[in-house]
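Here's the structure, in structure tokens; my notes come after.
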There are 2 protein chains.
Amino acid sequence: MASKDRILRLKEETRCNILDASLKIVKEGGWDALSMRKIADEIEYTAPIIYEYYSNKGAILLELTRKGFLLLAKDLEAAKSKHRLPAKQLEAMWLAYWNFAFAEKELYQVMYGVETTCCEMAKKMPESELPMDLIWDVMVELMTPIMAPHVPTEDEVCIKYYTFWSVIHGLISINMVNRGSSAETNHEVLKTAISGIIRSITG
Amino acid sequence: MASKDRILRLKEETRCNILDASLKIVKEGGWDALSMRKIADEIEYTAPIIYEYYSNKGAILLELTRKGFLLLAKDLEAAKSKHRLPAKQLEAMWLAYWNFAFAEKELYQVMYGVETTCCEMAKKMPESELPMDLIWDVMVELMTPIMAPHVPTEDEVCIKYYTFWSVIHGLISINMVNRGSSAETNHEVLKTAISGIIRSITG
DNA sequence: GTCATTTACTTAACAGTGTTAGATAATTTA
DNA sequence: TAAATTATCTAACACTGTTAAGTAAATGAC
């Protein structure tokens, strides 16, 4: 029954190919260009086949966001591991977050609903794999020592965390929509914001 | 030739009706529900008629964003006029910005490309009516005295302004996508962020 | 008032979308 | 080899934005 395994492996492969094809199409022609028939073309099948791997187009987008968050989490972990001091780690992580958004622009877009449909989608995500919940724990762990000697309540940490997140995400999305100001200015804003918040957190 | 005037007035009215109908449809069924045929239905015409008022669907969205920014600008002006101290004015304006985003959720979405298509659109906007350029002047005027006695360079003001904007917009969009945390927490974040930045600006 | 012209509006169609049902070809099982 | 299962495709449905051609109504000139 080794053939069963081979078939299962092939199925897993086309499942993956569908995602790859989708991302390729989006990278080439934007989110509007993404259609079931084009995906099918790319993987050399006809459209209905896709529905044996994903229940609908939304499921594909959902899987792409899942993939995106996994990648982001990996990047953040890597950034953290490059430093020892919590403050430095935090700074490196948010910088990595920023870099990810532009390196994987299309993924970031689907992750944070730069599209209405995705917006609805994000709300349908199972609690356990919510966007930033994965990273939340790590961040909180970092922020608490930074705020020492003051021992923050959970609420305090929460507020600081959301502020942090907002600054970065806001900067990114304004940059994407509003074609932002110069790259230098942007990086300046980013650094100012990060160090400013870290300073405001430091006890 | 008074009939000419009446006809022109009627035309202007249906032009407006198209926008109203669009907004109504979006408010009832989300951005996905918006279609030319549904708009036509709403204004009791057939679809092709719309193309005599707007060259395509994108033009309708563009006009909606324009309308949105005008409304926002009015709200901000009103908020400012309620205070005398620059710091208080600035705070009130950003609070008004926040309130607008949720009171006119659909407009805010089309304004800041919570949709890919809109994203592209925003880039096509004529320089003169760029999203925040209208408000820019007012903000800068406010920030300079706050930063006194230090006389900031244009770059410094720019960076502070962008930081401000990012915090608020980031908070809003994270809230919209990620169904945010509790309303109290959010308001806390908002106030913390606003007062924090104002404090960091104050010379 | 009649006729020609313009304007207002509709119907029909094209090419595309997501999605489903039914037919067909290929493979595996008995 | 025959039956049953699986893989795949074709055709269709109900939409989408958009355009071209046709029809009815209002307006103009004589």
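A note on names: the letters A, B, ... follow the listed sequences, proteins ahead of strands, and every chain is numbered from 1.
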Nearest-Å distance for atom pair [atom1]/[atom2], residues [X] and [N]:
| X | N | atom1 | atom2 | value |
| --- | --- | --- | --- | --- |
| A:I39 | C:dT17 | CD1 | P | 11 Å |
| B:L61 | D:dT16 | CG | C1' | 14 Å |
| A:Y53 | C:dG18 | OH | P | 19 Å |
| A:E52 | D:dA7 | CD | C1' | 7 Å |
| A:I25 | C:dG18 | CD1 | P | 10 Å |
| A:M36 | D:dC9 | CE | P | 15 Å |

Subject >> Taking every non-hydrogen atom, the tightest pair across B:A79 and B:A96 >> reply: CB-CB, 3.6 Å
Original post:
If only side-chain N and O atoms of A:K38 are considered, is one of them under 4.0 Å from the OP1 or OP2 phosphate oxygen of C:dG16?
Top reply: no
Original post:
With side chains defined as the heavy atoms from C-beta onward, is the minimum distance between A:E63 and A:R15 less than 4.5 Å?
Top reply: yes
Subject >> Non-hydrogen side-chain atoms of B:L72 and B:M111 separated by less than 4.5 Å >> reply: yes
Original post:
Nearest to the side chain of A:Y51 - D:dT18, C:dG18, D:dT16?
Top reply: C:dG18
Subject >> Nearest listed nucleotide, side chain of A:S35, among D:dT16, C:dG18, C:dC9 >> reply: C:dG18
**OP:** Answer yes or no: side-chain N or O of A:R37 and base N or O of C:dG18 forming a donor-acceptor pair under 3.5 Å.
**Re:** yes
**OP:** Would you check if the side chain of B:T14 reaches a backbone N or O of B:N17 as a donor-acceptor pair within less than 3.5 Å?
**Re:** no
Subject >> Backbone N/O of A:A33 and side chain of A:K38: donor-acceptor pair under 3.5 Å >> reply: yes
**OP:** Check DNA chain D against residues 40-50 of chain A and give the residues with a non-hydrogen atom under 4.0 Å, in numerical order.
**Re:** A:Y45, A:T46, A:P48, A:I49
Original post:
Charged N to carboxylate O under 4.0 angstrom, A:D20 versus A:K67?
Top reply: yes
Subject >> Electrostatic pair A:E12-A:R9, nearest N-O below 4.0 angstrom >> reply: no
Original post:
Of all of residues 15-24 of chain A, which get a heavy atom below 4.0 angstrom from DNA chain C, listed by number?
Top reply: none
**OP:** Determine, stepwise, if the pair A:E77 / A:K74 fulfils salt bridge (charged side-chain N to carboxylate O under 4.0 Å, His left out).
**Re:** CA-CA 5 Å; A:E77 200 54 56; A:K74 211 189 272 179; over 6 Å; no
Original post:
At under 4.0 Å between heavy atoms, what does B:L34 touch on the DNA or RNA strands: base, sugar-phosphate, or nothing?
Top reply: sugar-phosphate
